[in-house]
Each structure stands twice: as structure tokens, then as C-alpha cells.
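Below, read A as the first sequence line, B as the second, and so on, with proteins coming before strands; counting in each chain starts at 1. Just so you know, these numbers use all the heavy atoms, side chains as well, and skip hydrogens, waters and symmetry mates.
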Amino acid sequence: MKFELLKTSENSRARAGIITTAHGNIETPIFMPVGTAGSVKGIHTRDLKEDIKAQIILGNTYHLYLRPGIGVIEKAGGLHKFNRWDRPILTDSGGYQVFSLGDIRKLSEEGARFQSHIDGSYHMFTPENVIDTQRAIGADIIMAFDECSPGDADYNYAKKSLELTQRWLERCFARFKQTEPKYGYSQTLFPIVQGNTYKNLRKEAVAHVKNFDADGYAIGGLSVGEAEEVMYEMTEVCTAGLPAGKPRYLMGVGTPINILESIERGIDMFDCVMPTRNGRNGMLFTSKGIINIKNKKWGNDHSPIDENGSSFVDQYSKSYLRHLIISNEMLGAQIASQHNLAFYLWLVGTARQKIIDGGFESWKKEMVIQLKVRL
RNA sequence: GGGAAGAUACCGAAGCGGUCAAACGGGGCAGACUGUAAAUCUGUUGGCUCAGCCUUCGUAGGUUCGAAUCCUGCUCUUCCCA
């Protein structure tokens, strides 16, 4: 993997660049649709590519490991072959599940022991087997196994958690170097900066992570319950310390406003379930503001979902989409997800152009005001 | 023609003397959702001058300190037998 930094804004940390992978290029800043179980829920790869203009999608190690099982994916020839997505893929390590499945897992120095949320069976994730699993899945970018500590963790917990993540990181890289890609193209491993909401821990984490001279660096453990201002502050602490010549990935973020604010602070890559999950639940993000399409007021509004939207689904009427979602028709969830994803990709694509052309900051300021509007 | 069961809020359906403005579903309305245990979850759903009051359980009466609950007439519905 290679990263070329094309431009850094004169008035902020915002950057535009290009990542080169074996499955094609990624223009940054970029938003990566989340495809946890090997599919971006409700969206065909054709629409992801041609309509939404996604350049890279995510998969999740924990979920794919449980179902369909890694053997199936290996037999298919890797996730790209399995789900017929021929552009780059990034897999999360399962570190987030250490957080989100907190009730049914136990941490130890060795790793995390999970109970499957599907059938209750027990499984052990270690830095080593998580790397092996991601080798088998065959994502272009794979993630270190970390502990994503809760937003309200106290300093002592956050410190111990960070130290564990750091020891796990050493083991992840050791295993990564001992093993080869399985499908004839190269993979790269991103370390994850933890440290919760404590500046000094974040700085320490940044310093540690730089030892590995990775192709890119992720920032984790944010947007997990802390205040937004704190998230921005932590993000900036991290980007200030990370090498300029490598992409920075802010994991799990966020709202359109979060994304613009984070781009301004030097983030290049984002992923979030929000456009798909909130879309399925009736929330639409548009350049004019937020729409809760389930609200009665759209019942007889026959204007397009988003008249300036970049997706073909934006020409469906609000009234029709409301009807579909209220009636629990599958198509409603699909249209809403597709619209939101197209909007997210439009947002980061436009941000990129503004960074290159100049004027990102003023455009961002205007957008943030607009994006707060509840239509 | 004879017999039986029933009529409860927008719909379905509990309740069968006071703790009932009335369980529970559905529907309606609103909110939440950030490296997806989520096509999920939460709140609300008679009216008002809203820590209180008023009107509601087919309908008209009655019994009782007190009735959605007991009694009588009426109206309607469903089922069974002729």
C-alpha cells in the first residue's frame, strides 16, 4: 500500500491524498461503507460502485469468523471473491466487539474470550489468530487487535487498557511479519491509537504506534460515549503527532458534521454504520439538513428525497419513501441506505475537492450550519 | 322457530364489585441510533384550566356507600339445532 499526500490545506490540518492498493486507488479523505457480515446491508456492489461511488468497504473479522466461518471464505478465495467486490476492503479486527459485546467476553493478557452472540458458544481471539483470520479473509487493509475502552473509563482503566493494546500490537506485528498473504496480493496492517479521553495517554499511544512504521494509522476508542468536543480534541492530539506522509483513519466516526470537523483536524479515512443503520430506521442525511422520513409531515410530500442528490434513488419522492419505510417494505431500507451512503461519499468527495482547490474551511463552516437543520 | 355466547378505548383483546382512564398486541404519533448482537430499541396514545378534575367499557333503567364488572328491558353480532 502506498499513500501520496497531494495537498494540505493552508488554513487547517485538512489534507487530500491518494492511497494505492492492489485492488485500486482510494482518494482521501474517504468514507468507507460498513459491510460487517460481508455485505453493506441492503446495497448491491453494482450500486456501491456505480451509484454511491464507494472506493473501499469494511468487513468484520468477528462476524465473518462466526458466520459463514473462515473456512468458507478461504474456499471462496477470499472475501473479494466471496462477495464480488473487487475494490479495496478493510477488515476490523474484532476490537470493537471487545467493547460492544462487553457482557459476553472476558479479557486476559492472552486475548479476549467471547461468547458467540449467535449461539452462545465460546471462542478465543488473540492478536495472533486475529491476524491469521484477516490473512484468510484477505482484506487489503487489516486492523490490529485492540481493546476499545468505554467512553467513561477512568484514568487507571484507560491506562491499563492502552498498555494491553500496546502489548497486543507488538504481537500483531510479529505475527503479521511471520505470515504471508494467501491470495497473491499484498496486505497492510494498521495499528490503532487508543488512550481514551486522556491527552497524555493519547500522546503516548501515538509515540508507541509510530515505532512500527506502518502504512497508515488508526485512531480508535472515540465516539463511544464521550462529548463531541472531547472527541475532536483527542483527534487533534493524535493527528498532530502522527506522521504526515501516512493516512489517518478515525474509526467509527461519524455524523456528517463529525466527519467534516475531523477532516479539518487531519483525518483521511472514516467508517460508520450511521448512514446504513439510521437510514434503515428512517433518518436521511441531506445537504439541506436531516429528515426523519417517518414523520407525518412527509406523508403527502411528493418532492424528491434530495433534489440535488447524486444518487438515482434521490428522485423517489419523500411520500413514497415514507410509505415504504412505514410499511416495513425492504425497498425503503434500501433506498434510504443508498441515499445516505451516496450523500456521505458526496460529502467527503466535495471536501476533497475543496481542499485541493482551496476554501475547504469556509465551505465546511457553511455545511456544518446546514447539516444541523432538522427538516 | 328454539338454544348458546358475546358487545371494552383507532383495531384486536384482558379485566368480571372498590387498588380501572382500564393489562397486553397491533396501528398511530414522536425520539434514539457513531470500528453493526439493530429491517432495532425507547417513549407516548380519552379530554381538560393536568401532582387535580371531567367524560368513557352497546343502550335505557335498576341494585349498591361504590358498577366495565351484579339485575332487568331493548338493540345488534356470532355460533348451534330445526
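Taking atom CD1 on Ile118(A) and atom C1' on A37(B), their separation rounds to 8 Å, with Å as the unit. The CG-C1' distance, from Asp271(A) to U34(B), rounds to 9 Å in whole Å. Across the protein-nucleic acid pair, Phe145(A) atom CZ and G35(B) atom P stand 17 Å apart, rounded to whole Å. Atom pair Leu58(A):CG and G35(B):C1' shows a separation of 7 Å (rounding to whole Å applied). The distance from atom NE2 of His63(A) to atom P of A38(B) is 6 Å, rounded to the nearest whole Å. Atom CD1 of Ile259(A) is separated from atom C1' of G35(B) by 13 Å (rounded to the nearest Å).
Closest contact between the side chain of Glu228(A) and the listed nucleotides G35(B), U34(B), U36(B) involves U34(B). When distances run from any side-chain atom of Asn328(A) to the nucleotides G35(B), A37(B), A39(B), the shortest one goes to A39(B). Which of U34(B), U36(B), G35(B) sits closest to the side chain of Asn258(A) comes down to U34(B). Considering only side-chain atoms of Lys294(A), the nucleotide from U36(B), U34(B), U40(B) that sits closest is U40(B). In this structure, of C33(B), U34(B), C29(B), it is C33(B) that holds the atom nearest to the side chain of Asn281(A). The side chain of Arg277(A) sits closest to U36(B) out of A39(B), G31(B), U36(B). Out of U34(B), G28(B), U36(B), the shortest distance to the side chain of Ile326(A) is found at G28(B). When distances are taken from the side chain of Met283(A) to each of A30(B), U34(B), C33(B), the shortest belongs to C33(B). Counting only heavy atoms from C-beta on, Lys41(A) has its side chain closest to A39(B) among U34(B), A39(B), G35(B).
Residue contacts shown for Gln97(A) are limited to sugar-phosphate atoms, with no base heavy atom under 4.0 Å away. Contacts of Asp146(A) with the nucleic acid, taken as non-hydrogen atoms under 4.0 Å apart, include base atoms. Within the 4.0 angstrom heavy-atom criterion, base atoms lie near Ile192(A). Residue contacts for Arg67(A): at a heavy-atom cut-off of 4.0 Å it reaches no nucleic acid atom on any strand shown. Contact annotation for Gly221(A): base contact, defined as any heavy-atom pair under 4.0 Å involving a base atom. Residue Gln194(A) is classed as a base contact, given a heavy-atom separation below 4.0 Å to a base. Counting any heavy atom pair closer than 4.0 Å across all strands shown, Gln334(A) reaches no nucleic acid atom. If you check every strand for non-hydrogen atoms under 4.0 Å, Ile141(A) touches nothing. When heavy atoms are screened at a 4.0 angstrom cut-off, Ser116(A) is found touching no nucleic acid atom at all.
Using Watson-Crick or G-U wobble geometry with both donor-acceptor distances under 3.5 Å, A4(B) finds its partner in U78(B). Pairing partner, C20(B): none, since no Watson-Crick or wobble contact has both distances short of 3.5 Å. As the counterpart of C70(B), G62(B) is assigned, both hydrogen-bonding distances of the Watson-Crick or G-U wobble pattern falling under 3.5 Å.
Across A9(B) and U44(B), the matching C1' atoms stand 15 Å from one another, rounded to whole Å. With both ends at atom P, the span from A22(B) to G47(B) equals 13 Å, rounded to whole Å. Comparing U64(B) with U69(B), their P atoms sit 16 Å apart, to the nearest whole Å.
Counting atom types as modelled, Ser100(A) pairs no side-chain N or O with a base atom of U36(B) as donor and acceptor under 3.5 Å.
Annotation for Met330(A): atom CE does not count as buried by contact number, only 12 or fewer foreign heavy atoms lying within 6.0 Å.
Cluster membership check: Met274(A) does not share its hydrophobic cluster with Leu284(A), using side-chain heavy-atom separations under 4.5 Å among Ile, Leu, Val, Met, Phe, Trp and Tyr.
Here His323(A) and Tyr316(A) keep their ring centres 6.0 angstrom or further from each other. Phe343(A) has its ring centre no less than 6.0 Å from the ring centre of Phe285(A). Under the 6.0 Å cut-off for aromatic ring centres, Phe125(A) and Tyr65(A) qualify, their centroids lying closer than that.
Here Asp86(A) pairs with Lys49(A) in a salt bridge; the nearest charged N to carboxylate O distance falls below 4.0 Å.
Contact check for His80(A) versus Tyr185(A): side-chain heavy atoms found under the 4.5 Å cut-off.
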